[in-house]
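Working notes, structure below.
Throughout, a chain's letter reflects where its sequence line sits, starting with A, and its residues are numbered from 1.
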Amino acid sequence: MSGLLVGAILRSPHPHARIVSIDISEAEALPGVHAVIHAGNVEQRPYGYNHDNVPLKGEKVRFIGDEVAAVAAVDEETARRALELITVQYEPLPTVFDPFESLDPSSPQIHDELENVEGNVAMRWDWDHGDVAAAEAEAAAIVEGMYSAPQAAPVPIETHIVIASFDPAEHLTVWSPIHMVFMYRKELADCLGLDWEHITVIQPPVGGSFGGKIDIDPHDFITVMLARKTRRPVKLVMSREEEFIGTRTRQPIHFKLRTGADADGNLLFRDAEIVSDNGAYNGWGSHAMLVAMQTITSMYRVPASRVRCAVVYTNKNYGGSVRGFGNPQATFAVEQQMEEIADALGLDPMDVRLRNANQPGDVTPQGMQITSCGLEECLEIVREQSGWDKRRGTMRERHRGLGAAAFVHVGGGARIYRSDGCGAMVKVDDSAQVTLITGASELGQGSETVLAMIVAEEIGVPLDAVHVINSNTDVKPWDVGVHASRTTFVAGNAAKLAATKVREQLLETAVEVLGAPVDELRIVDGVVEVSGDEEKRMPLGKLMRRRLLREQGSIVMATAFYDPPTQMQKDYYGNVSAAYGFGAHVAEVEVDPGTGMVRLLNLWTAHDVGRAINPMSAEGQIEGGAAMGIGLALSEELVIFDGQIAAPNLHDYGLPTAVDVPRIVVNLVETIDPRGPFGAKGLGEAGIIPPAAAIANAVADATGIRPRAYPMRPWKVKEWLDAGERSHVARQGAADA
Amino acid sequence: MEVFRPSTLDEALRLRAEHPQARPIQGGTDVMVELTFGDARPEALLDLSELAELRGFAEEDGLLRLGAGLTYTEAMQTPLASRLPALAEASRTVGSPQIRNRGTIGGNLGTASPAGDALPPLLAERAEVELASARGTRTMPLAEFLLGVKRTALAPGELVTAVRVRPCEGPQTFAKVGQRNAMVIAICSLAVVVDAEAGEVRAAFGSSAVTARCVVVPLAEAAELPERVVEAASPIDDVRATAAYRRHALRVLAARTLERCLRT
């Protein structure tokens, strides 16, 4: 790209400070510098939920890493040197890092400019269903406790990178790894005062996202601003350190949870007080409560539930939309209490799970309509494979234990926007090459393959005849984006609908050309066959040429738009997804009682995937998700001291290595969902959800202690061992009580 | 940045004297990290990786001379691994295979990080460091060479050229606690050597004081070792663990490694 400049961002070294002055004169004077921008010399509008953010901060900074200024220069070294020449005077302000302290009205106000924000509470999520007080009075056993999840990061191998370029006609092209391209385009336009019909977003192959590339971040806007100012294309690449500090993380959530059951183990209520540590601004992470709440109200049949949740600003990096989206955190609390309450009642936790398992046809208290549901089968499989009945509770002398956890997660899209749809276009050319142009994005999750398989199957052509185009907003039809495990289900249904129309068009021509009735025609492996007449078979290419290359010929092409039959939630009620995925894991651990080291020995998993369209990639998704879940459980944490991420590097951010991940047994349970394409449900996030809870339960079985937080690092486990951290049983029941 | 690439030790020592600002670099597993993060911006580098004199190891009259360029991978292989098993075990815990192919014993000494994995086994073996300069060669006990966090007794103009060890006949082993099972900086580490000839047990630990440190107890009082190790440690709270946990883990590692050695 000729004339490409390099962008770099000056970030706040203070967790909370007023910007007194900014002097860019020396930086501007440095040879090779083409632009130095800050809030005082650019056009920008507040963006984000409740408009609490702005790309370049003018008044004050709210966390270490907040964007203050940016430069575009001829190369990276010049850009970095220019940043050093910018002088910013700050007036430090009192800080608050702990979300519980932040709830205190006397704590420093982080968004005092927002009149609709009370204290530091960015949002509240409150839910009541059934009579919790009555259920509590009736309960034979009640367990209660705090469960905490830390700040973690999605850590894609490829860090964020953006290139922005205006052509002479003022048309903006942005190359970005974002996988919500249409929403991205609108947000760029709204914030920067651009016409969004003059923006093209190109999303090239992405080196991993895990949700970290869903949010639009300040650096996206800043890159465009720099390109606008310099009239040159500008590239901005995050270093690994910046990736940790300046892009979105998984927000910490603290659950104070109570679960009650009757003497037979029937769940009676769940009662949760939740504090979600938002960080300095609202990102998608602020909405992770949507999913966390579903798990509290709807994982198993729970007749009464109450949720009080505060999403609280703190002077830290803010949360985004990381794989699992609030569910690993909620499941960590909910599924530990399933085993705690079973133990309190003297019942087997698997029996208690099965007794309360969600069933096909259920409508949960939040209005989730469960279509297919393989939860029972998943539980039975991992119970059998792990030797649960013989081994749980018997291995404490050897410091070994088994623990289980199940999950529910959206598997048929998630209506978080007015449309949850995806468009598809399928065409067949004169060579019989089939092209699918889909709204969905590929980010390494394998959607190109799965969508091509759906089209190939539906039309009746070999897989390698199908090409997938998905990268350019000028070409592809609208889609919300890749999130919520929705691509196979939503984009798959759209592709399937378009492919059906294409097959019908091809068969119309075949009727005409081959002179056979349509019910005697089939397309198999790219060839039209006439039943009972071997002589009349015709390859699709030849058929296409017969259709096209003649007077009044025509092409074969069809479009479809699939929007799942779902509703936006109102007061947290509504069927947000057209299908739900379920699954269960059992973990086996060995705990070193001396050092507190937890070693994961085995992980058995069973996932209700509806139908595994591509079994190998389905297994890969589950294994990869489980490996990430193991990292959360045992070693991943952004340790923060006084608002500073202590070690923003891959050495100390404990991603699991090959030797930390045992062989993962994957069982694919096929329930053939009535709404899914060929019965498939989404599973992109599923694998990451249960491991932390299952491993915590296994640690409890091995040691008798009750883990209260993840990651379960050696020193933390040792503390619990020393302190004798146990289940808090508020009311003790027994099966015969 | 200027890079000097001597091909003989004499040339390296001459360059070392002429360019005192040049930072010696061997495998680069420490220096390159500092350069990448901008923590160090030396005017020049003195690349020692081509020096044949620093490679491999030799044995004479029971005295092993490990070249400063000996890699962790080499320390893990026989016959060296059977002579210095604790060093071999420690080497297996360093980084990834790629890092073990590049990283060297001499570099570990030169960096002198309290977390240097090769240091506890060498300290427990009473290793001596061989230091060369244009003025000549001297040796000093490793324990005296390590002065503080990334501080050594290296004099101007000197390079670490080798480590000299007379391996004990008795059993020895190494243990380490980290936040995961591979590619970790030690939360704490410990090597134990039973020196039957001298009638003593020596334990050296890492990541729990400003330098790796060695503790000695008479064989008859071996049971005292864990407590003595904890007394000698002065760990801190940091991103990887707490001081209290480190003390505790050292006690556990010392008791375990001792039991493993005395049982055999």
Side-chain angles (χ1 to χ4, degrees), chain A residues 76-77 80-81 83-84 150 239-242 244 590 592-601 627 630-642 644-662 710-723, chain B residues 1 29-30 32-39 41 92-99 103 113 115 117 175-190 207-208 226 230 235-260:
Chain A
E76 196 185 329
E77 196 164 333
R80 297 276 158 207
R81 277 179 53 211
L83 291 185
E84 289 169 13
S239 67
R240 180 58 64 185
E241 192 176 9
E242 267 186 304
F244 279 113
E590 184 172 294
D592 182 329
T595 62
M597 272 296 272
V598 176
R599 221 165 98 80
L600 179 64
L601 303 173
I630 291 165
L632 287 180
L634 297 177
S635 53
E636 290 187 39
E637 179 177 13
L638 282 171
V639 178
I640 298 168
F641 294 135
D642 294 337
Q644 178 99 47
I645 295 175
N649 60 63
L650 290 178
H651 206 139
D652 286 303
Y653 184 80
L655 286 178
T657 67
V659 292
D660 299 297
V661 178
Y710 63 78
M712 291 164 263
R713 299 217 230 193
W715 58 269
K716 199 80 213 166
V717 173
K718 185 64 197 159
E719 266 179 29
W720 293 323
L721 285 167
D722 288 347
Chain B
M1 189 186 298
T29 57
D30 287 326
M32 291 311 292
V33 175
E34 289 184 36
L35 296 183
T36 303
F37 281 99
D39 294 340
R41 285 187 182 175
R92 281 187 201 106
T93 73
V94 176
S96 60
Q98 296 89 331
I99 295 294
S113 158
D117 286 303
K176 171 172 165 179
V177 179
Q179 63 170 343
R180 60 187 171 201
N181 291 307
M183 295 177 62
V184 284
I185 293 180
I187 286 174
C188 64
S189 62
L190 184 119
S207 291
S208 291
V230 174
I236 56 165
D237 288 341
D238 68 12
V239 59
R240 292 173 197 125
T242 61
Y245 176 77
R246 287 192 163 96
R247 280 196 198 90
H248 167 82
L250 279 178
R251 185 180 289 120
V252 171
L253 293 187
R256 272 186 200 167
T257 49
L258 189 65
E259 198 211 328
R260 219 183 290 163

What part of B/V239 lies closer than 4.5 angstrom to a heavy atom of chain A: side chain, backbone, both or neither? both
Which of residues 714-722 of chain A have a heavy atom under 4.5 Å from any heavy atom of chain B? A/P714, A/W715, A/K718
Heavy-atom contact with chain B under 4.5 Å, split by part of A/I645: neither
State, to 0.1 Å, how close A/G594 and B/V252 come at their nearest heavy-atom pair, and which atoms those are. O-CG2, 3.6 Å
Checking heavy atoms, do the side chain of A/E637, its backbone, both or neither come under 4.5 Å from chain B? neither
Check whether any side-chain heavy atom of B/R240 sits under 4.5 Å from a side-chain heavy atom of A/D652, and report yes or no. yes
Report yes if the side chains of B/R256 and A/T595 come closer than 4.5 Å at any heavy-atom pair, otherwise no. yes
Contacting moiety of B/V184, where chain A heavy atoms sit under 4.5 Å: backbone
Nearest non-hydrogen partners of B/F37 and A/N649, listed with the distance: CZ-CB, 4.4 Å
Residue pair B/N181, A/M597: steps toward the side chain to side chain contact (heavy atoms under 4.5 Å, CB included) verdict: CA-CA 9 Å; B/N181 291 307; A/M597 272 296 272; 3.7 Å; yes
Which answer fits A/I640, side chain, backbone, both or neither, if we ask what part of it has an atom under 4.5 Å from a heavy atom of chain B? neither
How close do B/R180 and A/Y653 get, heavy atom to heavy atom, and via which atoms? NH1-O, 3.9 Å
Heavy-atom pairs under 4.5 Å with chain A - which of B/I185, B/T242, B/L253, B/I187 has more of them than the others? B/I185
